[in-house]
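Per chain, numbering begins at 1; letters A, B, ... match sequence-line order. Note that the coordinates shown come from a computational prediction; the quantities given were computed from them, not determined experimentally.
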Amino acid sequence: MNATAVTADTAVRTATIALVGQPNVGKSTVFNMLTGLNQHVGNWPGKTVERRTGTFEHRGVRVDIIDLPGTYCLTAASPEERITRDYIIQNRPDVVIAVLNASSLERNLYLVTELLALPAPLVIGLNMVDVARDEGFEIEPRVLSAAIGVPVIAMTASRGQGVRELIDAAVDIVQQGPSQEPSRPEIREDHREVMAQLLDLVGPYVPAAYPPDWITLKLLEGDEEITTLMRAALPAEVQTQVQALLRRHEDALIAVATGRYDWIRRMTRAALKRPRAGHITLTLRLDSVATHPFGGLVVLAVVLALVFGLTYTVGAPLQGWLADRLLGTIAAWAGRLLAGGPSWLSGLVIDGILGGVGTVLTFLPILVIFFAAMGFLEDVGYMARAAYVMDRFMHALGLHGKSFIPLFLGFGCNVPAIMGTRMIESARGRLLTIMLAPLVPCTARLAVLTVLAPAFFPEDPTLATWLLTGLPLVVLALGGALVSRVAIRPDDAAFIMELPLYHVPNARTIAILVWVRILAFLKKAGTIILVFSVFVWLLATLPHGDIETSYLAAAGRFLAPAGSLMGLDWRLVVALLASFIAKENSVATLGVLYGVGENTGALVDVLRANLSAASGLAFLVAQMLFIPCVAAVAAVRQETGSWRWALINVAALAVLAFVGGVVAYRLALLFL
Amino acid sequence: MADDQPKVGSSPGEAWANDPLRALLAHLAGPRARTLTELARTIGAEAGLVEQMLDVLARGGYVREIELCGANARACAGCSQASLCHLMRHGRVWTLTSKGSRAAAAD
């Protein structure tokens, strides 16, 4: 002990106090208030963890105080945890002050259950009582103190309330000597005999600084650091007995933790009154609708409709302006500039590059609005709810638990969705999820849909986009239900989700989300789409410079019979196939094949003038169900370990897209 | 739904008094996803404590925290937008391991 001999109130002149607590409980506020400028900040030896020490005087006692790193418990899982427990064991401070968040008392008390097993008197600072009160919790510090057997001081450190009383309680212990006999948690009853046996075995060999009870608990918990320490300290014969005992009781961690939870329940039974049933936070109120099995799906559908509606209302006029004015002006300017040059050069620049990649780039405003709307939903905390609601929907159709997380990733890009199936342990469940993942509409596929829907459905592009986004998801759910019942039965394991609190969205965060996604899109436009646009233009120009007699037309006409069943001419068939390289290539290909650069008109206008709504619908349905891009197919090959499954996947999706296109075309002819 | 009910401690107080960790495992063995808040209400503990219980179960190898998205997540390797993951508010997700499934089935 650092304190000198104790005889009366004022006999002690120096003392060491350690501040312990979870992150963000106000521990540093207490430290700063006590030490003011008398503090020193450095690093713990050999660690990158900050070490804050300071001094102050209270009632004639000079106190050295140390702010230990924030930690949730005292395992050896992180440097913060190891530093905290090693400091208390090795340095034996005169008092440990545990600062707890009163609004999360039960969780914070778990750390107390671990501190009570260490050799240092404890004082509890119950901080943020004002927040707890606002949230409807009623806490009786005196009742809690009587139950645990250590001083408990209510505080609101941010206003300086209770800090003096906290230090009074700590200095009382320093001056009067440690005489605490607190209530300590015990291991679950069915493991007490095991713990006694283990203590008998290891007790005589525990290094001097360590409490034998604590060492025994840590061995039962499977603490790697303590296991290594005792392996070095125990004779071989005892070590063998200890290992055999621990192997027989490998579930002891559960018994230790359960004992702690039981202690928390008993300590808070009388001291903590939870919020009344009527006290519902805003998050809970919103979630009662947003995560409702049926209401949540309605909310999701409405949210998506709003996103598409906003995208078209704000983005479409800007896109039209870019296509008509900017792209048209650039094409006219390029035509004048290249007028004296070879015809192939103006064709390449105007029809190939401007018609292809230029057309894709005019859709930037639509993508910016779309990405901003999705970024808003992510930042406000809604997307996690959407995932949860969709899981329930898929569960109702037979798709289970673990499949949903990778599928959810597919909304960004199908490749991480396919790679993400590694988290599924069952081989069959994994295979099923891999086969279904390409049906999740990725950002690129959604972008193509968002861009082309106004061409075929000028009256209501929002409704068309909304329905076409839902189509592959419904097919996915139905297909999953069918395949899981007939061929591949997945495992049933579900998951637990933490739903983040709703919060006011941050404009900067949303701006970063939009910027990075737009940058990725521009990168793709400047590489894959640019090269592909030139390639398509070459095939559409050679050998005679006439598109109708070109190699591409010949290849397209070969496939035209299949396309005609869907109402697609050879240009649309080629555009659909082009999406195999990258989804946006569909737009670029249509731009080249319909001579957008030459016509100096918007692609949507050109398509509207050349194609019927029935053909347009069939094209979009086929596009939404078509095989994924080449990167996703490669991922399927890699994750299934065979070309066989990758080819089955490609064939199945090609057939699905064809059948979907034919059905959509025939129905559209009847009803549109 | 009857098949979703845990085998240990169906009422909040009972679940906690009996064995909250086993109750959690029983819930995870069910087929339907659950939220922390929902589980906390079922067990009768605060959501933060249930999160802590899941961390204990993860330490024992009974559950596994899933890396949804992030620079270190395997699923995001090579994704051009991986740098955005720290901005996305997905929340934490846990799922049962084989060891956890065996423990849940043994109850």
S.K.: Between A:D287 and A:R385, does at least one N-O distance fall below 4.0 Å, as a salt bridge requires?
M.R.: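 So A:D287 pairs with A:R385 through a salt bridge.
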
S.K.: Taking every non-hydrogen pair under 4.5 Å, which of B:A47, B:G60, B:G48 racks up the most with chain A?
M.R.: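 Counting heavy-atom pairs under 4.5 Å, the top option is B:G48.
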
S.K.: Tell me whether the rings of A:Y261 and A:Y110 are parallel (<30°), tilted (30 to 60°) or perpendicular (>60°).
M.R.: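 Tilted, since the angle between the ring planes falls between 30° and 60°.
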
S.K.: Considering only heavy atoms, which portion of B:T35 lies under 4.5 Å from any heavy atom of chain A: side chain, backbone, both, or neither?
M.R.: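 For B:T35, backbone and side chain are both near chain A.
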
S.K.: At a 4.5 Å cut-off on heavy atoms, which part of A:Y72 comes close to chain B: side chain, backbone, both, or neither?
M.R.: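 Answer is neither: A:Y72 stays 4.5 Å or more from chain B.
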
S.K.: Minimum heavy-atom separation for A:E81 and A:A76, please, with both atom names.
M.R.: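 Looking at all heavy atoms of both residues, the closest pair is OE1-N, 3.9 Å.
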
S.K.: For B:E46 and A:S104, which I'm curious about, is there any donor-acceptor pair between the side chains at under 3.5 Å?
M.R.: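 Yes, because at least one side-chain N or O of B:E46 sits under 3.5 Å from a partner of the opposite role on A:S104.
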
S.K.: Where on A:N506 is there a heavy atom nearer than 4.5 Å to chain B: the side chain, the backbone, both, or neither?
M.R.: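 For A:N506, no heavy atom lies under 4.5 Å from chain B.
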
